[in-house]
Amino acid sequence: MPTPITTIRRVSELRVLVAGWRKADHTVGLVPTMGALHEGHLALVRQAKADCRRVIVTLFVNPTQFGPNEDLAAYPRNEAADRDKVAALGADALFAPGVEEMYGPDAATTVSVAGLTEHLCGPFRPGHFAGVATVVTKLLLQSLPDAAYFGEKDFQQLQVIRRLARDLDIPVRIVGVPTVRDADGLALSSRNAYLSAEERRDAAAMPRMLTAIAGHLAQHPDDVGGQVAWGREALRAAGFGKIDYVEVCDSETLQPVSRVSGPARVFAAAWLGRTRLIDNMPVQR
Ligand code: AMP
């Protein structure tokens, strides 16, 4: 039986709960998610629980980070199962607010992070990172945790959040957690549930391609152009349709590089049928 966990719907209740913990000198970790939790999310919860006395998992499908033609309505939701999963790991609270609790009808303020959002997913998902940055800023200010946990699976998002916390002087440690993968290398994602059996098999070509490029560039740092062209071809050959990007970028600035001379990662986003998959891997040098 999972241990009891408090489900909270209101920001005011969240503040009271955290204030009590602070008074008792308990450290607090925050794990923001959109639910439909899998082992990737649970790795964040485990890390938070290892670092902090108290852990809050947030569950909020944030409408402002979805574009008009994206999968907001179809996004998988299963609060009861999510609650049991995080309770079993010892999380202390589930913060699951409604949309109206998070956004007043006259909400007019947006957090946007320049530069880091110019490349990779930025141009393909207009407004997405502003939606993410705004909701994460709100969650951080609502809960004022010691640390907040995000996956390297969404590496651009992780860097955007690190930057907004720094630029806005939010006193929180942003912790990146390595990507959790299935046995064939596919990064776990709530969106993998959309894949047919055949698409699921083809999807493993993405991590295979990223691993190959990361390995090749470690030996041949000048061959970025050739590797990117090969990577696009490899995805196409495996059955991917539209390829949004295959890029090699500086790990800090996320600006594309033409040769690898410092910390860099290989990034990809591409469509399998109606499902958009993203992933990234570091070049080990
Ligand atoms: P989401 O529910 O997709 O918004 O993801 C919530 C958090 O879980 C984000 O910080 C993601 O980067 C992280 N996450 C999602 N999938 C994985 C994964 N396979 N491994 C590690 N972290 C993940």
Side-chain angles (χ1 to χ4, degrees), residues 29-51 55-67 70-72 74-79 81-83 85-86 89 91 94-97 99 102 116 120-121 125 128-140 143 145 147-165 172-195 200 203-204 206-207 210-211 254 265 267-269 275-282:
L30 183 77
V31 181
T33 82
M34 297 204 300
L37 301 183
H38 51 63
E39 280 297 323
H41 298 112
L42 300 186
L44 307 187
V45 179
R46 286 194 186 93
Q47 185 65 52
K49 201 62 203 181
D51 296 348
V55 171
I56 305 162
V57 177
T58 77
L59 202 161
F60 180 61
V61 183
N62 175 34
T64 69
Q65 70 190 68
F66 287 77
E70 293 186 356
D71 56 341
L72 174 62
Y75 199 83
R77 291 165 165 86
N78 194 342
E79 183 179 319
D82 290 345
R83 179 188 153 93
K85 285 177 192 169
V86 300
L89 297 182
L94 188 70
F95 178 50
V99 173
M102 290 295 280
L116 287 173
L120 302 173
C121 286
R125 302 190 70 189
H128 169 70
F129 285 113
V132 170
T134 304
V135 81
V136 171
T137 300
K138 285 166 67 73
L139 291 168
L140 292 173
S143 57
Y149 296 80
F150 299 88
E152 289 183 351
K153 155 82 169 37
D154 303 287
F155 196 83
Q156 188 174 18
Q157 168 176 286
L158 171 63
Q159 294 301 68
V160 163
I161 291 163
R162 285 192 202 284
R163 182 64 64 83
L164 75 83
V172 62
R173 198 158 47 87
I174 302 298
V175 181
V177 176
T179 304
V180 178
R181 300 176 179 281
D182 260 342
D184 64 356
L186 182 67
L188 300 187
S189 164
S190 307
R191 291 190 165 100
N192 293 351
Y194 301 150
L195 298 172
R200 173 62 193 81
M206 183 177 276
L210 293 171
T211 307
L254 301 186
R265 297 181 84 94
F267 295 83
T275 308
R276 184 176 187 270
L277 298 180
I278 66 169
D279 199 354
N280 69 90
M281 287 193 194

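Remember, it's 1-based here, ligands and their atoms both numbered in the order they're listed. Heavy-atom basis, side chains included; hydrogens, waters and symmetry copies ignored.
The main-chain N or O of A36 is never found under 3.5 Å from a side-chain atom of N78 such that the two would form a donor-acceptor pair. The backbone N or O of R276 sits nowhere less than 3.5 Å from a side-chain atom of R191 that would complete a donor-acceptor pair. Between the side chain of D279 and the backbone N or O of F267 there is no donor-acceptor pair closer than 3.5 Å.
In this structure, of Q47, E152, H38, the residue bringing a heavy atom nearest to atom 16 (N) of ligand 1 is H38. Comparing D279, V180, D154 by heavy-atom distance to atom 11 (C) of ligand 1, the nearest is D154. Remark: among candidates L37, T33, L44, I161, the nearest residue to atom 7 (C) of ligand 1 is L44, based on non-hydrogen atoms.
Using a 4.5 Å cut-off on side-chain heavy atoms (C-beta onward), V132 and N62 make no contact.
Heavy-atom contacts of L188 reach the following atoms of ligand 1: 16 (N), 17 (C), 18 (C), 19 (N) (cutoff under 4.0 Å). Within ligand 1, counting atoms from 1 as listed, the ones closer than 4.0 Å to a heavy atom of M34 are 1 (P), 2 (O), 4 (O). Close contacts of ligand 1 with P32, meaning ligand atoms under 4.0 Å from a residue heavy atom, involve 6 (C), 7 (C).
For atom 5 (O) of ligand 1, the closest non-hydrogen atom of the protein is H41 NE2, 3.4 Å. Among protein heavy atoms, the minimum distance from atom 22 (N) of ligand 1 is reached at G151 CA, 3.5 Å.
With a heavy-atom cut-off of 4.0 Å, P178 touches ligand 1 through its backbone alone.
The nearest pair of heavy atoms linking Q65 to H128 is O-ND1, 2.8 Å. Minimum interatomic distance between Y149 and G29 (heavy atoms only, all atoms of both residues): CE1-CA, 4.2 Å. A187 and N192 get closest at one heavy-atom pair: O-ND2, 3.0 Å.
Among the atoms of F150, none of the N or O lies under 3.5 angstrom from an N or O of ligand 1.
In this structure, Q157 counts as a contact residue of ligand 1, since one of its heavy atoms falls inside 4.0 Å of the ligand.
Using a cut-off of 4.0 Å between Lys/Arg side-chain N and Asp/Glu carboxylate O, E39 and R46 are scored as salt-bridged.
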